[in-house]
Amino acid sequence: MKVLVVGGAGYIGSHCVRQLVAAGHEPVVVDNLVFGHRQAVAPEIPFYTDHLGNVDAMRKILAEEKIELVMHFAAFAYVGESVEKPLKYYDNNFIATLRLLEAMLTEGVKKFVFSSTCATYGVPPSLPIVETMPQAPINPYGQTKLDVENALKALAHSDGLSFAAFRYFNAAGAATDGSIGEDHNPETHLIPLVIDAAMGKRENIKIFGTDYDTPDGTCLRDYVHVDDLSRAHIAVFDKLGTPGTGCFYNLGTGTPYSVREVIEAVEKVSGKKVNIVEVERRAGDPPALYADSSKAKNGLGWKVEFDSVEKIVETAWAWHSSHPNGFSD
C-alpha cells in the first residue's frame with residue numbers, strides 16, 4: 001500500500017517508516033523538520049519538507065504519489081508548553097490536522113491512522129486504563145488530541161472516513177540495529193534522560209516525589225517500545241476497508257515500571273552508576289498510569305515483543321551510546 005507518513009522524520013514516525021518498508025508497503029514522508037530529522041529517513045524514500053496545514057501542498061502530494069492511506073504523527077507534544085502556549089497547540093495539533101483531513105477528503109483518500117495519546121484520559125478513575133473510560137484531558141496537549149478524535153468520528157459519519165486512533169502510553173526505545181532512535185531538543189522522556197546521566201552528559205537524574213502510594217514510592221508508568229507501537233499501526237490496515245469505520249486502541253504493555261526501576265535498568269544495561277537527586281513531587285503527576293491493551297492484542301493480533309523495561313533500555317542504550325549527539329553524529 002502507498003502510505004503517506006506525516007511527521008515521518010520524527011521519533012515514532014521514522015520507526016514506523018522502517019516497519020512499513022519491512023512489511024512490504026511504500027511509505028512517502030512529509031515533515032517540516034521542526035522536530036524531525038532528515039537523517040532518520042532512508043534517502044531512497046520520497047521526502048517532502050512541508051507543513052500538514054498547507055492544503056494545496058498536501059493535495060498535490062496525495063494526488064501525485066497516489067496515496068491510499070495517511071498515517072499522522074506530526075504534533076507538538078510538550079505537556080508543560082501546551083499549558084503555557086495553548087494557541088500553539090490548538091493551531092498545530094488540531095487546526096492543521098483538520099486542513100490535512102480536508103486535503104485528504106478532497107483527493108478521495110479516506111483511510112487515516114492517527115497518533116493519539118493516553119493524555120486524553122486525564123486522571124483515570126481506575127487502573128488499568130481501558131478504551132471505554134471517560135476522556136477528560138487535564139492539559140491542552142491532551143485536549144487537542146481528543147478534539148481530533150472527535151473530528152474523526154464526525155467525518156466517519158459525514159464522509160465515510162475510515163480511521164484508527166492509537167492512544168499511546170510511554171513510547172521508548174530505539175531501532176534494534178541502532179541506526180535510529182530518540183533525539184529530542186529539549187528531551188523530557190525519562191529513559192533518555194537517565195541514559196544521559198549514565199553517560200555523564202547530565203550531572204544527575206531528579207526523582208520527582210518518593211512518597212507516592214506505589215511499591216517504592218516513585219511514579220509508575222507503562223513503557224512501550226517504539227517498534228511495537230509501529231507494528232500496531234500497520235496491523236490495523238485490514239480494519240479500514242469499510243467506509244465509516246472508526247477504531248480506538250490503547251497501546252501499552254500493561255506492566256508499569258517505577259522511576260527507580262527505570263534507573264536500575266539503565267544502570268544494569270550500561271554498567272554505570274547514575275547520580276540521583278530526590279526532589280518534591282511535580283504538580284499534575286498521577287501516581288500510576290498503565291494500559292489495558294487487550295483490545296489491540298485480541299483485535300489486531302498485536303504482540304508486545306519488548307516485554308520488559310530492560311529490553312527497551314537495551315535498544316535505547318545501543319542508540320545513545322553510539323550516537324551521543326543524536327543525529328548530529
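Values reported hereafter were calculated over all heavy atoms of this structure, with side chains retained and with hydrogens, waters and symmetry mates removed.
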Ignoring hydrogens, what is the shortest heavy-atom contact between P46 and P27? Give both atom names and the distance.
CD-O, 3.7 Å

Run the side-chain contact (heavy atoms from CB on, under 4.5 Å) test against V224 and tell me which residues pass, sequence neighbours left out.
D228, L229, T253, W302

More than 12 heavy atoms of other groups within 6.0 Å of E44 CD:
yes

Between Q143 and N139, is any side-chain donor less than 3.5 angstrom from a side-chain acceptor?
no

Have D196 and H320 got a donor and an acceptor in their side chains that come within less than 3.5 Å?
no

Nearest-0.5 Å distance, OG1 of residue T144 to OH of residue Y90
7.0 Å

Test D50 against M58 for side-chain contact (heavy atoms from CB on, under 4.5 Å), laying out the working first.
CA-CA 8 Å; D50 219 311; M58 293 302 104; 4.1 Å; yes

Tell me if the centroids of the rings in F163 and F248 come within less than 6.0 Å of each other.
yes

When rounded to the nearest 0.5 angstrom, what distance separates OH in Y212 from CG in L220?
11.0 Å

Same cluster (ILVMFWY, side-chain, under 4.5 Å), L62 and L101
yes

Below 4.5 Å, heavy atoms only, C-beta onward: do V30 and L52 meet side chain to side chain?
no

Checking E81 against Y141: is there a side-chain donor and acceptor pair closer than 3.5 Å?
no

Heavy atoms from other residues, nucleotides or ligands near NZ of K66 exceed 12 (cutoff 6.0 Å):
no

Regarding R281 and the six-membered ring of F208, is the cationic atom NZ or CZ under 6.0 Å from the ring centre and inside 45° of its axis?
no

Other residues, nucleotides, ligands: >12 heavy atoms within 6.0 Å of K239 NZ
no

Side-chain contact, heavy-atom cut-off 4.5 Å: S115 with H72?
no

Begin with the C-alpha distance, continue with both residues' side-chain angles, and end with the deciding distance and a verdict on side-chain contact (heavy atoms from CB on, under 4.5 Å) for V109 and V70.
CA-CA 8 Å; V109 180; V70 174; 4.2 Å; yes

Answer with yes or no after comparing the ring centroid distance for H184 and F35 against a 6.0 Å cut-off, counting only values under it.
no

Side-chain donor-acceptor contact under 3.5 Å, S179 with R18:
yes

Please test V313 against I191 for side-chain contact (heavy atoms from CB on, under 4.5 Å), starting from the C-alpha separation and ending with a verdict.
CA-CA 7 Å; V313 166; I191 289 175; 4.2 Å; yes

Minimal heavy-atom distance between F327 and G181, with the atoms involved, is CE1-O, 3.8 Å

Let me confirm one number: the CE-CZ distance from M104 to R99, rounded to the nearest 0.5 Å.
14.0 Å

Is there a path of hydrophobic side-chain contacts, each under 4.5 Å between heavy atoms of I/L/V/M/F/W/Y residues, joining V113 to L300?
yes

Flag the pair P86 / Y89 as yes when at least one side-chain heavy-atom distance between them is below 4.5 Å, and no otherwise.
no

Closest heavy-atom pair and its distance - A291, N250:
CB-CB, 4.3 Å

Please say whether more than 12 non-hydrogen atoms of neighbouring residues, nucleotides or ligands are located less than 6.0 Å from CG in D213.
no

Is the shortest side-chain N to carboxylate O distance from R231 to E305 below 4.0 Å?
yes

Check the side chains of T315 and H225 for a donor-acceptor pair under 3.5 angstrom, ignoring hydrogens and angles.
yes

May I ask you to check whether over 12 heavy atoms, not counting those of K2, lie within 6.0 Å of atom NZ?
yes

Taking every non-hydrogen atom, the tightest pair across R38 and L33:
N-CD2, 3.7 Å

With rounding to the nearest 0.5 angstrom, report the CD1 to CZ distance, I67 to R59.
15.0 Å

N-O pairing of D307 and K311 below 4.0 Å:
yes

Smallest separation among heavy atoms of A175 and D227, with atom names:
CA-OD2, 4.1 Å

Where do V3 and V5 land on the side-chain contact (heavy atoms from CB on, under 4.5 Å) test, with the steps shown first?
CA-CA 6 Å; V3 180; V5 185; 4.2 Å; yes

Check whether the side chains of Y257 and N170 place a donor and an acceptor atom closer than 3.5 Å, and report yes or no.
no

If hydrophobic clusters are built by linking Ile, Leu, Val, Met, Phe, Trp and Tyr wherever their side-chain heavy atoms come under 4.5 Å apart, do M71 and V41 end up in the same one?
yes

Looking at G8 and V17, what are the two nearest heavy atoms and their distance?
O-CG2, 3.9 Å

Just how far is it from atom CG of L251 to atom CZ of F166, taken to the nearest 0.5 Å?
5.5 Å

When the ring centroid of Y11 is compared with that of H37, is the distance short of 6.0 Å?
no

Could you tell me whether K111 and E68 make a salt bridge, using a distance below 4.0 angstrom between a side-chain N and a carboxylate O?
no

Heavy-atom side-chain contact between V259 and L190 under 4.5 Å
yes

Does any part of the side chain of V266, heavy atoms only, come nearer than 4.5 Å to the side chain of E264, both counted from C-beta?
no

Any side-chain heavy-atom pair from K295 and C247 closer than 4.5 angstrom?
no

Relative to F76, does K88 satisfy both conditions: NZ or CZ under 6.0 angstrom from the six-membered ring centre, and within 45 degrees of the ring's axis?
yes

Does K272, at its NZ atom, have more than 12 non-hydrogen atoms belonging to other residues, nucleotides or ligands within less than 6.0 Å?
no

With the side chain counted from C-beta on, respond yes when E149 and L146 share a heavy-atom pair under 4.5 Å apart, and no when they do not.
yes

Heavy atoms, side chains only, cut-off 4.5 Å: are T242 and S162 in contact?
no

So CE of M1 and NE2 of H25: to nearest 0.5 Å the spacing works out to 6.5 Å

Using ring pair (Phe, Tyr, Trp, His ring centres under 6.0 Å), reason through H233 and Y168 one step at a time and then give a plain yes or no.
CA-CA 11 Å; H233 287 68; Y168 307 163; 5.5 Å; yes

Under a 4.0 Å N-O cut-off, is there an ion pair linking R260 with E278?
yes

Centroid-centroid under 6.0 Å between H189 and Y223 rings:
no

